[in-house]
Amino acid sequence: MKDERGATYTHGHHESVLRSHQRRTAEDSAAYLLPHLKPGLSVLDIGCGPGTITADLAMRVAPGPVTAVDQSADVLGVARTEVDQCGLSNVSFATADVHRLDFPDGTFDVVHAHQVLQHVADPVGALREMRRVCAPGGVVAARDADYAGFIWFPQLPALDRWHELYQRAARANRGEPDAGRRLLSWAQQAGFADVTPTGSVWCYATPATREWWGEMWADRILRSRIAQDLLRLGLATTAQLEEVSAAWREWAAAPDGWLSIPHGEILCRA
């Protein structure tokens, strides 16, 4: 799906992608924001995906209202199910493009986006729009991975190829896969004067986390939106993608396998 300025979401919403996103929690994906939440605050969760982070945020600010938005109406259905299963009544849903949010100025105390700015055509414009709908004195929070900073072991040539292919597909879709290191710069360009930049890391090195990540990407590189784009653009062949898939399973089976994913984070006062 494309945003209004032409960027395409590289991952898409295949089951293998949702499998990844449904594992996320506020603790592992928005820890830098949690100390700033309290009951009664209003929250806009942009690019909410399957809603696991949304539900965690809603629990922390209840009875404050949470509005969860995404470009995909289908994935919003998954998010509604997640929220319903948590027994939450303070969450509403809407489709939205971060470049043009259909909310009045100063509507929300907290505006949050996780792994969103790397996928949009105009991240500075998106941050300006997030700032517009944030109440004076409120918080705009964003966290994004930085793909160039990925570290893995053992060093498998097919995973080097995966890394190159992902970068090329993301940029062909007008995204910026190395967004994490750019968040502070983007926030400054968007006009924020009070920005707290931080960083954090996801690490997968236990047998269980290696199996989860490796199997997820073994499926994803063959069946998700990125596979379709790589084949359509002539950036890879089916045989090459099968080699990458096999490499992820080989990595997952290695008893000394390691993967670290760095993230940039910004907490901006409106």
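Note that the structure is predicted; figures quoted are calculated from it, not measured.
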Inset, instruction - Evaluate the salt bridge (Lys or Arg N to Asp or Glu O under 4.0 Å) criterion for residues Arg80 and Asp84: first the C-alpha distance (whole Å), next the side-chain angles of each, then the deciding distance (0.1 Å), finally the verdict. - result: CA-CA 6 Å; Arg80 285 189 181 93; Asp84 289 345; over 6 Å; no

Inset, instruction - Using atom types as modelled and distance alone, determine if a side-chain donor or acceptor of His99 lies under 3.5 Å from a backbone N or O of Gly125. - result: no

Legend entry - Near-ring test Trp162/Trp248, centroid separation under 6.0 angstrom: yes

Inset, instruction - Look only at the side chain of Ser42 and the backbone of Asp109, and say whether a donor-acceptor pair between them is shorter than 3.5 Å. - result: yes

Legend entry - CG (Asp194) with more than 12 external heavy atoms under 6.0 Å: yes

Legend entry - Trace of the salt bridge (Lys or Arg N to Asp or Glu O under 4.0 Å) decision for Asp256 with Arg210: CA-CA 10 Å; Asp256 55 355; Arg210 282 198 308 271; over 6 Å; no

Legend entry - Over 12 non-hydrogen atoms of neighbours within 6.0 angstrom of CD in Gln240: yes

Legend entry - Parallel, tilted or perpendicular: ring planes of Tyr147 versus Phe150, cut at 30 and 60 degrees: parallel

Inset, instruction - Might you work through the side-chain hydrogen bond (donor to acceptor under 3.5 Å, both in side chains) test for Thr198 and Glu265, ending with a clear yes or no? - result: CA-CA 5 Å; Thr198 53; Glu265 301 159 345; 2.5 Å; yes

Legend entry - Pair Glu242 + Arg161: basic N to acidic O under 4.0 Å: no

Inset, instruction - Answer whether the closest heavy-atom distance between the side chains of Asn90 and Pro63 falls below 4.5 Å. - result: no

Inset, instruction - Could you check if a side-chain atom of His263 sits within less than 4.5 angstrom of a side-chain atom of Gln115, using non-hydrogen atoms only? - result: yes

Legend entry - Salt bridge Arg249-Asp219, side-chain N to carboxylate O under 4.0 Å: yes

Inset, instruction - Kindly work out whether a path of hydrophobic side-chain contacts (I/L/V/M/F/W/Y, heavy atoms less than 4.5 Å apart) joins Leu37 to Leu44. - result: no

